[in-house]
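To start, the structure itself, in structure tokens.
The figures that follow rest on heavy atoms only: side chains count, while hydrogens, waters and symmetry mates do not.
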Amino acid sequence: MDGFGQKIIAALEENARQSVSAIAKQVNLSRTAVSERIKRLEDNGEILGYQVLTKIHAQETNQLKAYFEIKQGGYKSAALVQYLLQYPEVKHCHATSGQVDLLVHLEFSNMERLHDIIFDVDKELPKGAKLITHMVVQEWNQNN
């Protein structure tokens with residue numbers, strides 16, 4: 001896929017209901033060229049379909065959740081917590097007693113984003129510290 005195809009897909013991901021004319025303006029191609037490229041992207045399986053997401057559906061399906069369990073051997077956690085809180089995906093940092101020093105709650109939209117955060121955080125951990133990731137696979141609350 002070339003750069004125009006990537007730009008068209010990005011525009012459709014932003015708003016799949018926008019007109020071909022609007023997309024053409026964004027990617028600097030003619031309306032006809034954009035229509036042809038969209039058809040080709042659909043035929044080649046790059047675009048698998050379109051869907052409607054309601055507010056409730058979006059809240060339920062677009063948020064993956066995980067916990068980081070960080071063991072750093074009793075090192076002071078304040079600097080690490082400040083680093084973690086720079087990520088909007090980090091919702092809570094809890095200092096805990098026992099073998100785990102920090103329990104970090106994250107909410108994110110895709111696994112690639114989680115992987116990027118893990119990679120970044122791992123570089124910031126003190127030598128000998130350990131990060132374990134726990135994915136949330138089911139959730140219960142008082143209303144269930």
Within the side chain of N44, is there an N or O that forms a donor-acceptor pair under 3.5 Å with the backbone of E46?
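Checked: no pair found.
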
When you measure from the side chain of Q82 to the backbone N and O of A79, does any donor-acceptor pair fall under 3.5 Å?
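Checking the backbone N and O of A79 against the side chain of Q82, no donor-acceptor pair under 3.5 Å is found.
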
[X] and [Y]: which non-hydrogen atoms are nearest, and at how many Å?
| X | Y | result |
| --- | --- | --- |
| F4 | N28 | CE2-O, 4.4 Å |
| K65 | F108 | C-CE2, 3.9 Å |
| V90 | V104 | CG1-CG1, 3.7 Å |
| R113 | N110 | N-OD1, 2.8 Å |

If hydrophobic clusters are built from ILVMFWY residues whose side chains come within less than 4.5 Å, do I70 and M135 share one?
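As far as the 4.5 Å side-chain criterion goes, M135 and I70 are connected within one cluster.
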
If hydrophobic clusters are built by linking Ile, Leu, Val, Met, Phe, Trp and Tyr wherever their side-chain heavy atoms come under 4.5 Å apart, do L125 and V100 end up in the same one?
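No; tracing contacts between hydrophobic side chains, which count when under 4.5 Å, never links both residues.
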
Step-by-step side chain to side chain contact (heavy atoms under 4.5 Å, CB included) determination, V121 to Y87:
CA-CA 10 Å; V121 170; Y87 292 96; 4.3 Å; yes

Roughly how far, to the nearest 0.5 Å, is the [atom2] atom of [Y] from the [atom1] atom of [X]?
| X | Y | atom1 | atom2 | value |
| --- | --- | --- | --- | --- |
| R37 | I47 | CZ | CD1 | 12.0 Å |
| H94 | D101 | NE2 | CG | 14.5 Å |
| S19 | R31 | OG | CZ | 7.5 Å |
| L29 | E36 | CG | CD | 10.5 Å |
| T96 | K71 | OG1 | NZ | 10.0 Å |
| H92 | L84 | NE2 | CG | 13.5 Å |

If you link I, L, V, M, F, W and Y whenever their side-chain heavy atoms are under 4.5 Å apart, who else ends up in the same group as V136?
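Via sub-4.5 Å side-chain contacts, V136 links to Y67, L103.
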
Chi angles and distances behind the side chain to side chain contact (heavy atoms under 4.5 Å, CB included) call for L64, E107:
CA-CA 6 Å; L64 300 170; E107 294 181 4; over 6 Å; no

Mind running side chain to side chain contact (heavy atoms under 4.5 Å, CB included) on K130 and Q72 for me, showing each step along the way?
CA-CA 6 Å; K130 188 173 186 178; Q72 55 180 4; over 6 Å; no

Sequence-distant partners of E69, side chain to side chain donor-acceptor pair (under 3.5 Å), two or more places apart:
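In terms of side chain to side chain donor-acceptor pair (under 3.5 Å), with neighbours along the sequence ignored, E69 is linked to H134.
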
Can you list the residues that meet the side chain to side chain donor-acceptor pair (under 3.5 Å) rule with E42, with sequence neighbours excluded?
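For E42, the residues satisfying side chain to side chain donor-acceptor pair (under 3.5 Å) (neighbours in sequence not counted) are Y50.
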
Side chain to side chain donor-acceptor pair (under 3.5 Å), that's the test. Do Q18 and Q26 meet it? Break it down for me.
CA-CA 11 Å; Q18 64 183 307; Q26 293 174 47; 2.4 Å; yes

Decide side chain to side chain contact (heavy atoms under 4.5 Å, CB included) for K91 and L106; before the verdict, give the C-alpha distance in whole Å, the side-chain angles of both, and the deciding distance to 0.1 Å.
CA-CA 5 Å; K91 302 303 177 187; L106 301 98; over 6 Å; no

Got a sec: does the NZ of K39 have more than 12 other heavy atoms crowding it under 6.0 Å?
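Not buried by this count: 12 neighbours or fewer within 6.0 Å.
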
Heavy-atom count check: over 12 atoms from other residues, nucleotides or ligands less than 6.0 Å from E112 CD?
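Atom CD in E112 is not packed in, count stays at 12 or less.
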
